[in-house]
Number of protein chains: 2
Amino acid sequence: MVIGKNIERTEKMVEHFREVCRESGLKVTPQRVEIYRALASTKMHPDVEMVRESLNASMPNLSTDTIYRTLSMFEEFGLVTRIEAIGNRARYDADTSRHPHFFCTECGCVKDFHCDEMETIAAPRSAKKLGRVDSVHIHVRGVCNECLAKE
Amino acid sequence: MVIGKNIERTEKMVEHFREVCRESGLKVTPQRVEIYRALASTKMHPDVEMVRESLNASMPNLSTDTIYRTLSMFEEFGLVTRIEAIGNRARYDADTSRHPHFFCTECGCVKDFHCDEMETIAAPRSAKKLGRVDSVHIHVRGVCNECLAKE
DNA sequence: TCCTTAATAGGAATAATTACTACTTAGGAT
DNA sequence: ATCCTAAGTAGTAATTATTCCTATTAAGGA
Ligand SMILES: [Mn+2]
Ligand SMILES: [Mn+2]
Ligand SMILES: [Zn+2]
Ligand SMILES: [Zn+2]
């Protein structure tokens, strides 16, 4: 995972993360900051293993358990969104705004795209009859350009 | 898992399943028929364990491996749809028509609802720029009426 | 009925996630 | 600045979901 693009934006997000921690009485540990920064600085929607790899140089003793615990905690506090992609590994997104995803069924990559209609479509009455609707999720599946090129 | 409603419709689906098997050179084994029937006769979108439980009386020796293998094969041949619900168990739907789902974040249940807009919305250019789009998936998350009643 | 090959059962292996616990540390109090 | 304490972490074990393996079985064609 490459880190380094849009450093200003990333650091702004990290600062916001620190504030949320302080407001919520969560300790701002180096592990939490680095895990959050790893997510905020990439568009790859990383899973736990990708986070571990990207931090391996700077934090070689970071434990798997800490990554899992930390990401779950982030989700609970609305700092990240958990993405149920294809396959079995949970992936995370530091962009918590509502937006659709492209899932490649070949390589498993997850990409953002934008679509006003998909970002604003509301749950219909038929859905609300089933219970309380908290969020709407849209994704498309297909084969990404990189995988198409390989074929 | 309760089986038995809409028996005619279920049996029509089972007959179609048999035809697909014959056409594709797949053996019509009792295991396959019962697993397919278990899916076709419920609206619960069962996971592997639910299928096993529902068939435990009639097929006590049905192996987990067979259920996994069979459901994957069904998906490959377009007989069922695999649903990536919340949490870690894959769920399956014998209704392969495009329709949105309601996921309860409390009990994990999966319910159907209908919404013309969600069933016809097409992938936008911004998605197609990322690769070949094969399908569009929409679901909502919330808390189902049963869980709301318990609170 | 026989034969061939696909399919199954049962158990072992793998992969993802969670649980446990002794040790560490962030951040408030002194 | 130092101390205290509860919250957090590392390392490891346990659990859970899924896949792999292989000897045995049986579907469906000859
Ligand atoms: Mn995203
Ligand atoms: Mn459905
Ligand atoms: Zn790809
Ligand atoms: Zn519920």
Side-chain angles (χ1 to χ4, degrees), chain A residues 14 17-38 45-53 55-77 79-80 82-92 108 110, chain B residues 14 17-38 45-53 55-77 79-80 82-92 108 110:
Chain A
V14 170
F17 157 75
R18 289 176 185 276
E19 277 166 31
V20 171
C21 285
R22 279 186 226 113
E23 287 165 10
S24 309
L26 299 165
K27 292 186 177 175
V28 180
T29 67
Q31 289 90 340
R32 286 174 176 175
V33 174
E34 290 312 305
I35 291 170
Y36 183 81
R37 199 197 311 275
H45 307 84
D47 59 27
V48 166
E49 184 55 23
M50 292 162 91
V51 171
R52 206 187 57 70
E53 275 170 27
L55 298 183
N56 194 45
S58 57
M59 305 188 103
N61 294 326
L62 182 62
S63 80
T64 317
D65 180 56
T66 296
I67 305 175
Y68 276 102
R69 240 185 322 100
T70 302
L71 291 173
S72 295
M73 186 268 273
F74 286 177
E75 191 194 9
E76 197 178 336
F77 285 85
L79 289 160
V80 303
R82 181 186 165 115
I83 298 171
E84 310 286 340
I86 298 166
N88 24 24
R89 292 152 98 121
R91 303 183 71 139
Y92 291 87
V110 177
Chain B
V14 171
F17 157 75
R18 289 176 185 276
E19 276 164 33
V20 171
C21 285
R22 279 186 227 114
E23 286 165 12
S24 309
L26 298 166
K27 292 185 179 176
V28 180
T29 67
Q31 288 90 342
R32 286 174 176 176
V33 174
E34 291 312 307
I35 291 170
Y36 183 82
R37 200 198 309 275
H45 307 84
D47 60 26
V48 166
E49 183 56 21
M50 292 162 91
V51 170
R52 207 187 57 71
E53 275 170 27
L55 298 183
N56 193 45
S58 56
M59 305 189 102
N61 295 325
L62 182 64
S63 80
T64 316
D65 180 55
T66 296
I67 304 176
Y68 275 102
R69 242 185 320 101
T70 301
L71 290 173
S72 295
M73 187 268 274
F74 286 177
E75 191 194 12
E76 198 177 335
F77 284 85
L79 289 160
V80 303
R82 181 186 166 117
I83 298 171
E84 310 286 341
I86 299 166
N88 26 22
R89 293 151 99 119
R91 303 182 70 140
Y92 291 87
V110 177

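Heavy atoms only: backbone and side chains are in, while hydrogens, waters and symmetry mates are out. To find a chain, count down the sequence lines: A is the first, B the second, and so on, and within it residues start at 1.
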Distance in angstrom units between A/F77 CZ and D/dG8 P, rounded: 9 Å
Side-chain heavy atoms of B/R91 within contact of B/P46, under 4.5 Å: no
A/V48 or B/T64, whichever maps to the more 5' nucleotide of DNA chain C: B/T64
Nucleotide nearest B/L62 (side chain, heavy atoms from C-beta), chosen from C/dT17, D/dT18, C/dA9: C/dA9
Nearest-angstrom distance from the residue atom CD of A/E76 to P of D/dA7: 14 Å
Along DNA chain C (nearest heavy atom to each residue), the more 5'-positioned of B/P60 and A/L26: B/P60
Spacing between B/M59 atom CE and C/dT8 atom C1', to the nearest angstrom: 10 Å
side-chain N/O B/Y68 vs D/dT18 OP1/OP2, d < 4.0 Å: yes
5' precedence on DNA chain D between B/R22 and A/S63 (nearest-nucleotide basis): A/S63
Gap between atoms CE and C1', on A/M50 and C/dA16 respectively (whole Å): 16 Å
Sugar-phosphate, base or nothing in reach of A/V28, heavy atoms under 4.0 Å: sugar-phosphate
Whole-Å distance separating the CD atom of B/E49 from the P atom of D/dT16: 11 Å
Minimum side-chain heavy-atom gap B/Q31-B/L62 below 4.5 Å: yes
Phosphate OP1/OP2 of C/dA7: any B/R69 side-chain N/O under 4.0 Å: no
Distance, rounded to the nearest Å, where A/N61 contributes CG and C/dT25 contributes P: 11 Å
B/K27 vs B/A90, nearer the 5' end of DNA chain D by closest nucleotide: B/A90
Phosphate OP1/OP2 of D/dA10: any A/Q31 side-chain N/O under 4.0 Å: yes
Under-4.0 Å side-chain N/O to phosphate OP1/OP2 contact, B/T29 with C/dT8: yes
Whole-Å distance separating the OH atom of A/Y92 from the P atom of C/dA16: 14 Å
Step-by-step side-chain contact (heavy atoms from CB on, under 4.5 Å) determination, A/F77 to A/M73: CA-CA 6 Å; A/F77 285 85; A/M73 186 268 273; 3.9 Å; yes
Rounded interatomic separation in angstrom, taking CZ from A/R89 and P from D/dT19: 14 Å
Below 4.0 Å: OP1/OP2 of D/dG8 and any side-chain N or O of A/R32: yes
Student check: side-chain heavy atoms of B/V51 and B/L55 closer than 4.5 Å: yes
Side-chain N or O of B/T66 closer than 4.0 Å to phosphate OP1/OP2 of C/dA9: yes
Sugar-phosphate, base or nothing in reach of A/D65, heavy atoms under 4.0 Å: base
A/R52 and A/N56, any side-chain heavy atoms less than 4.5 Å apart: yes
Lys/Arg N to Asp/Glu carboxylate O, B/R82 vs B/E84, below 4.0 Å: yes
